[in-house]
There are 2 protein chains.
Amino acid sequence: MTDAKARQQDTLFVTSLEKGMRILEAFSEDKTELGLGDLVKVTGLEKSAAQRYANTLYELGYLEKNSETRRFSPSVKYLEMAYSYLWADYLAQLAMPRLIDLSRQTSQTINMAEPIGTDIIYVVRMPNHRTNFGASAIGRRVPALVASSGRVILSRQSDQAIRDAVSNWPTRQYTQRTTMDRGAILDNILVAREKGYCTTQGQVLPDEVNVAAPICSIEGIPVGAIHCSLPSIRWTIERAEAEIAPLVVEAAQSIVPSR
Amino acid sequence: MTDAKARQQDTLFVTSLEKGMRILEAFSEDKTELGLGDLVKVTGLEKSAAQRYANTLYELGYLEKNSETRRFSPSVKYLEMAYSYLWADYLAQLAMPRLIDLSRQTSQTINMAEPIGTDIIYVVRMPNHRTNFGASAIGRRVPALVASSGRVILSRQSDQAIRDAVSNWPTRQYTQRTTMDRGAILDNILVAREKGYCTTQGQVLPDEVNVAAPICSIEGIPVGAIHCSLPSIRWTIERAEAEIAPLVVEAAQSIVPSR
DNA sequence: CACCTTGTATTATATTATAATACAGCGTAC
DNA sequence: GTACGCTGTATTATAATATAATACAAGGTG
């Protein structure tokens, strides 16, 4: 029995709600404005279902509607949800003051990421140089194997977990320089384990050098990472290791979530 | 006929989805972890309904469940929604590079806010000094009459609109110094209209001086504001006007959304 | 130990979501 | 200039699905 089938027979699972969430989720980086037909394509719902659910979300204020094009787009309610989340995220609250300090100390772009399945997600972003918009927006997911934050979080896992992840987790080619060679990724992770931080170059964005250090719970379990982005025009990996890495590591180590 | 009644008879309005959204919205600044009973209280749903909808959202990955306390809390999916929103927000994308520059120039906390009904909502936050956590989280709503950003946006509206807002819009006492005198608020807005920026002190947080300037569309309609927060230990309003206001105004004026 | 409050699971019932379909409005092309 | 295809919108009878009640289990507290 498939998941979907199992759910249909579960009286505690409300399929109508699922369909509504499909509409909410239809919008993304490259789908910012969708008409009814687009929603049908993206969600796989029937036309009449898409109509009713989109209309409901519109009436509830989750979707805006361009009165000329009749297309929907996410409303600011999407942002309010982030606010609710952040208050529930103990790590974000604990880390925030240290991240602010680090941002001031380095005058560079500072991020905090948390692991989520095979990805990491950026929870705090403090841009300090102009960059791609997506790189300064909260809530972005990137495969853990690609991001320095993801790799440094993995570096604190068991050998077994690392090898499993490096073999099986997805990657994605963001730039020409994104490493698709899993052997090289493994090496990078193992070096990170030795050094206590991970450095990468041009993995997600071209022309960026990254330094990431893990945030670990009192039991030593990696629960997040701090990550500093540097423009590679002015920074080499060597210079980043010398000048930035110690600060990032220190900041990350000063954050020890106990719950 | 009430709204609720009207909706029930509207076949295009899916009440099940509404109930689900009630659960999603139950979590907030001070309600970060809710058990089933709490959800019933907050949402007004029946116990069995709360059960089914919360369970559905849990299965869909929107809610986490603490396996000891059995309480729900928002998952990181709440954050992903913010990411989708930001890509749909033309103003945020347009403003981001200028905000980064301004943050570097001033080395102070920079925010961008947008009006939403009688509130403003913070869309971009770039903290540069330690502060209250809520003040560095995206998605926060504050009554427009209280926030310097809200007032400066109002200052670009018609006399009629200003007077209407000052008389009728809600306010809230965040600090001991929050101005509850609507006459004083009106004066502050009218001064802002003259000067082109709005200064406030201790309205939302104690010990903060704020300077805000409006972002206007090509037609002159205020669509947002840039706002700089300064610790009042080191900043007076006078110094902020002299050193910070020109930079904030310049940044805001350099952003001219054309759609 | 008794009680109360919490979350969980089940069921028959009818409320509510459904899919089909018809309609209207608009732009395009022939 | 008219016909066509493409949008989004509105209405219905039907049955599928959400429902509320209720019973049960599991902790916690007096």
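Just so it is clear: chains get the letters A, B, ... in the order the sequence lines come, proteins before strands, and each one is counted from 1.
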Q: For the pair made of CZ in B/Phe13 and C1' in D/dA18, what is the distance, rounded to whole Å?
A: 15 Å

Q: From C/dA17, D/dT9, C/dT10, pick the nucleotide closest to the side chain of A/Arg70?
A: D/dT9

Q: Looking at D/dT17, I'd like to know if its phosphate oxygens (OP1 or OP2) sit under 4.0 Å from a side-chain N or O belonging to A/Ser16.
A: no

Q: More than 12 foreign heavy atoms under 6.0 Å from OH of A/Tyr58: is that the case here?
A: no

Q: Under 4.0 Å between a side-chain N/O of A/Lys19 and OP1 or OP2 of D/dA18, yes or no?
A: no

Q: What pairs meet the salt bridge (charged side-chain N to carboxylate O under 4.0 Å, His left out) rule with one or both residues in residues 32-56 of chain A, with sequence neighbours excluded?
A: A/Glu33-A/Arg71

Q: Heavy atoms within less than 4.0 Å of DNA chain D: which residues of residues 39-52 of chain A have one? Give them sorted by number.
A: A/Lys47, A/Gln51

Q: Indicate whether OP1 or OP2 belonging to C/dT8 is found under 4.0 Å from a side-chain N or O atom of B/Tyr58.
A: no

Q: Round to a whole Å and report the spacing from CG of A/Leu12 to C1' of D/dA21.
A: 14 Å

Q: Measure the distance from CD on A/Glu68 to P on C/dC26 and round it to the nearest whole Å.
A: 12 Å

Q: Report the distance from atom CD of A/Glu18 to atom C1' of D/dA18, rounded to the nearest whole Å.
A: 15 Å

Q: Can you see whether B/Gln203 engages B/Tyr174 through a side-chain donor-acceptor pair at a distance of less than 3.5 angstrom?
A: no

Q: Between A/Phe27 and B/Trp87, does a ring pair (Phe, Tyr, Trp, His ring centres under 6.0 Å) hold up when you go through it step by step?
A: CA-CA 9 Å; A/Phe27 301 88; B/Trp87 278 102; over 10 Å; no

Q: Between A/Val14 and A/Leu34, name the one whose nearest nucleotide on DNA chain D is closer to the 5' end.
A: A/Leu34

Q: Could you summarise the pairing of DNA chain C as dot-bracket text, marking Watson-Crick and G-U pairs under 3.5 Å with ( ) or [ ] inside the strand and | across strands?
A: ||||||||||||||||||||||||||||||

Q: How long is the gap from CG on A/Leu57 to CG on A/Leu63, to the nearest 0.5 Å?
A: 5.0 Å

Q: Give me each pair satisfying salt bridge (charged side-chain N to carboxylate O under 4.0 Å, His left out) with a member in residues 132-153 of chain A, each pair once, sequence neighbours excluded.
A: A/Asp119-A/Arg141, A/Arg141-B/Glu80

Q: Tell me, please, which residues at least two apart from A/Asp30 pass salt bridge (charged side-chain N to carboxylate O under 4.0 Å, His left out).
A: none

Q: Quick one: CG on B/Leu34 to CG on B/Asn66, what's the gap to the nearest 0.5 Å?
A: 12.5 Å

Q: Just how far is it from atom CG of A/Leu99 to atom NE2 of A/His227, taken to the nearest 0.5 Å?
A: 12.0 Å

Q: Is A/Lys77 positioned over the aromatic face of A/Tyr62, cation under 6.0 angstrom from the ring centre and no more than 45 degrees off axis?
A: yes

Q: Are there any protein N/O atoms within less than 3.5 Å of an N/O atom in nucleotides 12-15 of chain C, and if so, which ones and at what distance?
A:
none

Q: Using a heavy-atom cut-off of under 4.0 Å over every strand shown, decide if A/Phe72 touches base, sugar-phosphate, or nothing.
A: nothing

Q: For the atom pair CD1 (B/Ile121) and OG (A/Ser75), what is the distance rounded to the nearest 0.5 Å?
A: 8.5 Å

